Amino acid sequence: MEDIKMGNLSAFMRSEFKQEEIVEIEGFDRFKDENGKPVKFKVKVLSFNKIQEIRKFHRIEKAAYDKNKNPIIADGKLVKEIIFDNEKAAENILVEALVYPNLKDKELMKFYEVEDILDMPYRVFTQAEYTELQKRLAVVLHLATPEEDNVEEVKN
């Protein structure tokens with residue numbers, strides 16, 4: 001096998017790589033500022049690592065059982081069932097990524113009479129807004145590619 005020459009790693013160690021970028025996206029007509037213009041939302045571009053942490057949090061491994069409620073053993077090992085709550089993970093990603101409005105803000109949560117931050121998106125946004133916001137966030141977070149007609153351009 002041929003020796004691979006290692007170069008300077010400074011290209012991979014720039015401080016901006018550790019900074020979480022904040023971008024603005026168009027808000028919804030229902031939320032207007034004092035001048036009557038729709039308020040722009042601010043979104044933190046979560047790192048791949050942070051998104052994986054959130055997903056892992058909503059993943060549960062447990063023993064798999066047969067129809068007689070006996071644990072399933074294969075090749076001498078307990079078979080595990082993996083349950084992933086995609087909906088809760090998506091809610092959590094939305095709450096973590098959305099900087100403005102900050103859905104974790106205590107005053108905002110009190111106003112909407114919510115104690116669990118994962119319930120906030122459902123209280124603040126209509127179903128149509130929530131669906132659209134999820135689409136926009138998926139593009140900003142590089143979890144999906146933009147759809148020509150459905151996603152407005154993201155601006156820095």
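Note that the coordinates shown come from a computational prediction; the quantities given were computed from them, not determined experimentally.
- When all heavy atoms of Ile54 and Ala89 are compared, the pair lying nearest together is CG2-O, 3.8 Å.
- Between Lys104 and Glu96 there is a salt bridge, since a side-chain N of the basic residue sits under 4.0 Å from a carboxylate O of the acidic one.
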Please report the C-alpha distance between Ile25 and Val140 in whole Å, then the side-chain angles of each, then the deciding distance to 0.1 Å, and finally whether the side chain to side chain contact (heavy atoms under 4.5 Å, CB included) criterion is met. CA-CA 9 Å; Ile25 61 172; Val140 169; 3.8 Å; yes
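- The hydrophobic cluster containing Phe31 also contains Leu137, counting ILVMFWY residues as joined when their side-chain heavy atoms lie under 4.5 angstrom apart, directly or transitively.
- To the nearest 0.5 Å, the span separating CD on Gln134 from CZ on Phe125 amounts to 10.0 Å.
- In terms of heavy atoms, Asp33 sits closest to Val39 at N-CG2, 3.6 Å.
- By the 4.0 Å N-to-carboxylate-O rule, Glu26 lies close enough to Lys40 to be salt-bridged with it.
- Summarising the geometry, atom NZ belonging to Lys50 is positioned 7.5 Å from atom NZ belonging to Lys44; distances are rounded to the nearest 0.5 Å.
- Side-chain heavy atoms closer than 4.5 Å link hydrophobic residues (I, L, V, M, F, W, Y) into clusters, and following such links, even through other members, never connects Phe57 to Phe84.
- Listed for the Asn68 side chain is no donor-acceptor partner under 3.5 Å among the backbone atoms of Asn70.
- Considering only heavy atoms from C-beta on, Leu94 comes within 4.5 Å of Tyr130 through its side chain.
- Taking the six-membered ring where tryptophan is involved, the planes of Phe28 and Phe41 are perpendicular, since the angle between them exceeds 60° and thus also 30°.
- Across every non-hydrogen atom of Leu103 and Met120, the tightest pair is O-CG, 3.3 Å.
- The CD1 atom of Ile51 lies 10.5 Å from the CD atom of Glu53; values are rounded to the nearest 0.5 Å.
- The pair Glu91-Lys88 meets the salt-bridge criterion, with a side-chain N (NZ, NE, NH1 or NH2) lying under 4.0 Å from an Asp/Glu carboxylate O.
- Using a distance-only test at 3.5 Å, with no hydrogens or angles considered, a donor-acceptor pair links the side chain of Glu129 to the main chain of Thr126.
- Within the 4.5 Å cutoff, side-chain heavy atoms of Val23 are placed close to those of Val45.
- Arg59 has a carboxylate O that lies under 4.0 Å from a charged side-chain N of Glu61, or vice versa, which qualifies the two as a salt bridge.
- By the rule that hydrophobic residues join a cluster once side-chain heavy atoms approach within less than 4.5 Å of another member, Leu98 and Tyr100 end up as members of separate clusters.
- When atom types are taken as modelled, the side chain of Arg123 and the backbone of Met109 share no donor-acceptor pair closer than 3.5 angstrom.
- Nearest heavy atoms, Leu141 versus Leu46: CD2-N, 3.3 Å.
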Decide side chain to side chain contact (heavy atoms under 4.5 Å, CB included) for Asp85 and Ile60; before the verdict, give the C-alpha distance in whole Å, the side-chain angles of both, and the deciding distance to 0.1 Å. CA-CA 8 Å; Asp85 192 337; Ile60 300 168; over 6 Å; no
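- Looking only at atom types and distance, the side chain of Tyr122 has no donor-acceptor partner in the side chain of Gln127 under 3.5 Å away.
- Across every non-hydrogen atom of Val43 and Val99, the tightest pair is C-CG2, 4.3 Å.
- Counted within 6.0 Å of OH on Tyr112, heavy atoms from surrounding residues, nucleotides or ligands total more than 12; the atom is thus considered enclosed.
- Formation of a donor-acceptor pair under 3.5 Å by the Asp116 side chain with backbone atoms of Leu118 is found in this model.
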